[in-house]
Amino acid sequence: MRPIANTRTAAGIPTARLAVWWVLASEIVIFGGVLASYLMQRMGNPDWAAEAAATNVWIGAFNTFVLLTSSLSAVLAHHAAEHEQDGKKAARLLGLTILGGGIFLCVKGFEWYTEISHGMTIQSHPFWSFYYTAAGIHASHVIAGMILMAFVAKDAAKGLELHRVELVGIYWHFVDVVWIFLFPLLYIAK
Amino acid sequence: MADHGTQYYVKIWGILLVLLVISIFGPFLEIPAVTLITAFGIAFVKAYLVVKNFMHMNVQPAYVGYMLSTCLVFMLLLFAGSAPDVMKKDGDNWVKTVVVVQGPATMHHGEENSGDEHGGAELH
Amino acid sequence: MAESIEHPGHAGGHDAPHDHEMSFWSKYIFSTDHKVIAMQYLFTGMAMGLIGGFFAYAFRMQLAFPGMEVPGWGMVSPADYNSLVTNHGTIMIFWVAMPVLIAAFGNFLIPLMIGCDDMVFPKINRLSFQIFFVSAIVLLSSFFVPGGAFGGAWTAYPPLSANPNYSLTPMGSSIWVVAVALEFIAFLLGGINFITTAMNARAPGMKLYDIPIVVWMIVVASILFMASVGPLIAGAIMLFMDQNIGTHFFDPAYGGDPILWQHLFWFFGHPEVYVVLLPAMGITAEIITVFARKKLFAYRTVLYTTFGTGVLSFTVWAHHQFIAGIDPRMAHVFTITTLLISIPIAEMCFVYVATLYGGSITFSTPMLWALAFIFEFLIGGVTGIFLGASGSDIYFHDTYFVLAHFHYTFFPIAIIGTFAGVTFWYPKMFGKMMNDTLGKLHFWGTVIPFNLIFIPLFVLGAAGQHRRIYNYEHFPELSAPWMQDLRQVATIALVVMLGMQLVFFYNFFASMFRGKAAGKNPWKSNTLEWTADSPPPHGNWPEGLPNVYRGPYEYSHPDRDDDYWPQNVPS
Amino acid sequence: MIERYLVQASTFAADIDFVINLIAVLVGFWFFLTAGVFFWLLFRFRRRDGVPSEYITGEEKEHKRFISIPHYLIMVCDIFIIVAAIQVWVNVKQDLPENPHAEIRVIGQQWAWTFVHPGPDGELDTADDIVTVEELRVEVNQPYVFHLESRDVLHNFSVPVFRLKQDVIPGRVITGWFEATKTGTHDIQCAEICGIGHGLMPGRIVIESAADHAAWMAGKAPNQLAATVRGTTVAATGGTKLAAASGDALNAN
């Protein structure tokens, strides 16, 4: 049973959403640590560009497109849950978002497979170490988001816990924003 | 929560896609300044659009924005404090010596001694 | 935090959770009740503290009597010595100070002090403890793997930590990284819970300046932890991959940089000091106000200095690296910020001393601990200036002076602060009073040996004795007989101090059964936790949650006959 | 204070000791003042029957000045400390002597120090370099510039009598200087944990007069040890040292 504490809103914002913002704050510093380390090394070593040139911009761009679109379906799910009180529709849209995450991961897997088979492994060069680490941490967030969304969608389809559609959406958009920065950092900057 | 229609979100999504296309084709001009702006400037614009419209930052209490931007500022601090050592190749009374070893992943971890080549070389 | 907004009170009539008949397992092991989780953290922290203390005993014996077979451990080989000091440091900071000060007191006090029935996310709270418990087991398991436990110091500087060929602990170092990372995840979950609870779940009427200082400080500490730990989590992932997957993030031979780890580590490592300091400061504030029957001097100033310390603590990290190979020009920046941060901390100490003025001071056991905290921490604080100033740090870096300095900060924080809190809130935790005579015996038996341990180490440090050496006989300047004598003094004092903890454990457990019943408010304190039953049932206030009418420190108010004025009493 | 335990054997040792003493005086003053007030308050305001506490919020100006005035005074003290510390730091770590007597190379590895002296020609990296292990020989009253290198992990080149300390980092060459002022033989310590042999990594610095130094140099066949040093691998050194370490512990028993 939910404690009374959970229902209070002294800070002017529902508790669960407040917690999600704090989670994102802690995620910012985790990704910030990785990206700051990467940026320092990258800016100090212009020769890494030769390695970065081997990344496939088109795959990265396609994945950006997929994530942006899945963010759209996530925000539409939120809209459906909050303004239309339509749990079923929200669940369907969340399903689409999960599908987007799935496509993203499949493409990513294909991309990594190709790169590794061409000898660009995590050990071969610091650039690739950062490339796989940063994208790998991001991908693990995508997976976590998909699992969370599956649970939320299951409840939402029954009309339960509709506010969670928004929470998982905020998280998903954050993952999207991280990718928006990873894309130019890893793919475009040559 | 501000009530935007479905149309509104689709419109934002459209803008994001247009920006994505620009950021992909910007580097094809091969002008560094343009690449920088189209790649990173647009990333910031895209992030702003997503945060504001999809995450509804605009209707959260102000402190939410402050706390997230404080975390970002701390990351800038980390960068500013560490970059003089990590990014630079040399500095006041110190210089990095090891050349980056290029090539495929044939090296095994720890098999080679990091300082051996240059340490030995300098003894000649 | 935003201004409190008016909202419907849940004070009365709401059906609070009841104590159902529960099995031992669901009541004490898998409970979601914040008080049970607090006790789980407290007991785990104490158990880890005993282990950490035992490690200290083993390596101090080796230093005092080199080559002697240490009773209870055996021969201390150089590898043993390194893993003992490494895990002593790691355990004491991550598995004793953090769980007890932040998690145990945070869990116990925050819901009770802000007047709500539980944490906002009880299940996440339970998950946080479970992850923490697993992390403790993982860390201890490293002593039983081939190669032994990690021995590269608690700072784990690569390349030593990154490459098993250098550290000779192939599994130990990976286990260390995994355990630390798990522990961070546990505290991230716990910390977010604390912050959200304190922000959102305050009792009706409790405005920002009505929140007890200890809650503020635990919340600020959680925020500091949350905002600083990210780079180190990232660094831990990178270090783990360096160890096991063959990346070279920190290996200079392949374009990595060992200094990067030091920055990532200390960017977290310095705020971490304040993460554990602030809760101990808060506990002290609660205790001195109660036993001096005084309003806290300049409540708002304390808050502002807390925030100031918190923000500044993110700008000082590289003073740990002055001579570690950072660019010498950066040392100027970090010297200045480091000396700046001394100002709010000094001010906080002044405020505490000023609170005593005009009081009516009772020297009960918790009060003795709180006063000892202020005094001993003062020593720790002033000796820190030697290390924060770049010029003198050239000499003092990595000597026993550093070691004595941070033990003079961490011991008051983690041990004295904890004992202050435990003896003060024991009546609320278990409904019984602790024995005061035994408590005072334990107090003097801990504080006097503590000073006898570390004052000799200050002297040794000033004489140039450097750290993490298992035997000084190879260094002629460090093997003078008088130095060896001082080492033996410190070790004997340590053994006495560890022995005196038996008094505490006897008192702690015996009082649970034989102690005098405490009643709701044995210390005549104002804050909300004392209005609940001792110990509070599940749901804390089954008869309805309290409302708040005033600040927490209205002692000896001129308009009142009583010398205290509980927060929940209507005017 | 430090000179009571260790002689000041370098030009900047006295400067560093001065900073330490300055800080000791300033923080000592504040420490004893605060502690004195603290204990006086404890005594003066101990509980007595019939004497109630005063109600002081501490928010009024006339009360607050008791903490705000010390606050500003501490700021002033901080400025003194910062200025002194930075001056010494610049002198020790940033400014190098313009005409060093010689340059030496210090190489740390698990778990030994290797010192490369320039030899009679005064130049490093020539045929007459003198390579020693765990013994550094320098002339008194002559500025030396040293280059620190590491072959494996972090070490720390620490000479307590010089008050000098600097981490040795693989992949970097860190340059510093010292000028000895007294002859004698002193410890060089590794002050950064470098593995299980960290306690077995003592070096010695021999500070000698110009004549003694020249005699030592003459008696040393050039490159006597260079071949050995070049052939040494970390693994081999680690192995022998490891055996030495464990054997040592057993012998001590």
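What you see below is based on every heavy atom in this structure, not just the backbone, and it leaves out hydrogens, waters and symmetry mates. Values in this document were obtained by computation on a predicted structure and should not be read as measured data.
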When the 4.5 angstrom heavy-atom criterion is applied to S390(C) and chain D, the contacting part is both

Side chains of I259(C) and R172(D) in contact at under 4.5 Å (non-hydrogen atoms):
yes

Of all the residues in residues 85-93 of chain D, which have a heavy atom that comes within less than 4.5 Å of a heavy atom in chain C?
A85(D), I86(D), V88(D), W89(D), V90(D), V92(D), K93(D)

Per-residue contact mode, D257(C) against chain D (heavy atom under 4.5 angstrom):
side chain

Region of F39(D) in contact with chain C, defined by heavy-atom distances below 4.5 Å
side chain

Mind checking the CZ-CG spacing from R467(C) to N156(D)? Nearest 0.5 Å is all I need.
11.5 Å

Counting only heavy atoms closer than 4.5 Å, note whether P158(C) contacts chain D via side chain, backbone, both or neither.
backbone

Exercise: identify the closest heavy-atom pair between R468(C) and E192(D):
NH1-OE2, 4.4 Å

How far apart are the closest heavy atoms of D398(C) and A191(D), and which atoms are they?
OD2-O, 2.6 Å

Bottom line for Y81(C): the part with an atom under 4.5 Å from chain D's heavy atoms is neither

Which residue out of S53(D), G199(D), G58(D) racks up the most heavy-atom pairs below 4.5 Å with chain C?
S53(D)

Residue part contacting chain C, namely of D17(D), when any heavy atom lies under 4.5 Å:
neither

For Y352(C), which atoms come within 4.5 Å of any heavy atom of chain D: side chain, backbone, both, or neither?
neither

Answer with side chain, backbone, both or neither: which region of P258(C) has an atom nearer than 4.5 Å to a non-hydrogen atom of chain D?
side chain

dist I361(C):CD1 -> F43(D):CZ (nearest 0.5 Å) comes out at 11.5 Å

By a 4.5 Å heavy-atom criterion (distance strictly below it), what part of L22(D) contacts chain C: side chain, backbone, both, or neither?
neither

Under a 4.5 Å heavy-atom cut-off, does chain D meet the side chain of A292(C), its backbone, both or neither?
backbone

Are any of the side-chain heavy atoms of Y157(C) and I193(D) separated by less than 4.5 Å?
no

Which atoms of L296(C) come close to chain D, meaning under 4.5 Å heavy atom to heavy atom: side chain ones, backbone ones, both, or neither?
backbone

Reported CZ-to-CZ distance for the pair F396(C) and R163(D), which is rounded to 0.5 angstrom:
9.5 Å

From I67(D) atom CD1 to T301(C) atom OG1, the distance as rounded to the nearest 0.5 Å
4.5 Å

What part of C190(D) gets closer than 4.5 Å to chain C, counting heavy atoms only: side chain, backbone, both or neither?
backbone

Could you tell me which non-hydrogen atom of L340(C) sits nearest to which non-hydrogen atom of D78(D), and how far apart they are?
N-OD2, 4.4 Å

Of all of S158(D), A13(D), A24(D), which one pairs up most often with chain C through heavy atoms under 4.5 Å apart?
A24(D)

Could you label the plane-to-plane angle of the F31(D) and F375(C) rings as parallel, tilted or perpendicular, counting under 30° as parallel and over 60° as perpendicular?
tilted

Go through the side-chain N and O atoms of Y55(D) and E554(C) and say whether any donor and acceptor fall under 3.5 Å apart.
yes

What part of Q465(C) gets within 4.5 angstrom of chain D, counting heavy atoms only: side chain, backbone, both, or neither?
neither

Here the pair of heavy atoms bringing P170(D) nearest to P252(C) is O-CG, 3.3 Å

Considering all heavy atoms of both residues, which atom of R46(D) and which atom of F363(C) are nearest to each other, and what is their separation?
CB-CE1, 4.0 Å

Any side-chain heavy atom of S360(C) sitting closer than 4.5 Å to one from V51(D)?
no

Contacting moiety of Q94(D), where chain C heavy atoms sit under 4.5 Å:
side chain

So, do L160(C) and H198(D) sit near enough that their side-chain heavy atoms are less than 4.5 Å apart?
no

Side-chain donor/acceptor of K165(D) to backbone N/O of I323(C), under 3.5 Å:
no

The interface call for L6(D) against chain C, heavy-atom contacts under 4.5 Å, is side chain

Counting C-beta onward and ignoring hydrogens, is there a side-chain heavy-atom pair between F350(C) and H71(D) closer than 4.5 Å?
no

Below 4.5 Å from any heavy atom of chain C, which atoms of I20(D) appear? Answer side chain, backbone, both or neither.
both

For A84(D), is it the side chain, the backbone, both or neither that has a heavy atom under 4.5 Å from a heavy atom of chain C?
neither

Under a 4.5 Å cutoff for heavy-atom pairs, which residue among T57(D), I174(D), I74(D) has the most contacts with chain C?
T57(D)

Among the options A79(C), C349(C), A354(C), pick out the one with the most heavy-atom pairs lying under 4.5 Å from chain D.
A79(C)

Could you tell me the separation between the CZ atom of R204(D) and the CD atom of E477(C), rounded to the nearest 0.5 Å?
6.5 Å

How many angstroms lie between atom CD1 of I81(D) and atom OG of S392(C), to the nearest 0.5 angstrom?
8.5 Å

What part of F38(D) gets closer than 4.5 Å to chain C, counting heavy atoms only: side chain, backbone, both or neither?
both

Using heavy-atom distances under 4.5 Å, tell me whether Y5(D) contacts chain C through its side chain, its backbone, both, or neither.
side chain

Least distance between heavy atoms, L200(D) atom then Y470(C) atom
CD2-OH, 3.7 Å

Comparing I16(D), I2(D), I169(D), V19(D) against chain C, the one with the most heavy-atom pairs below 4.5 Å turns out to be I2(D)

With a 4.5 angstrom heavy-atom cut-off, is it the side chain or the backbone of I82(D) that approaches chain C, or both, or neither?
both

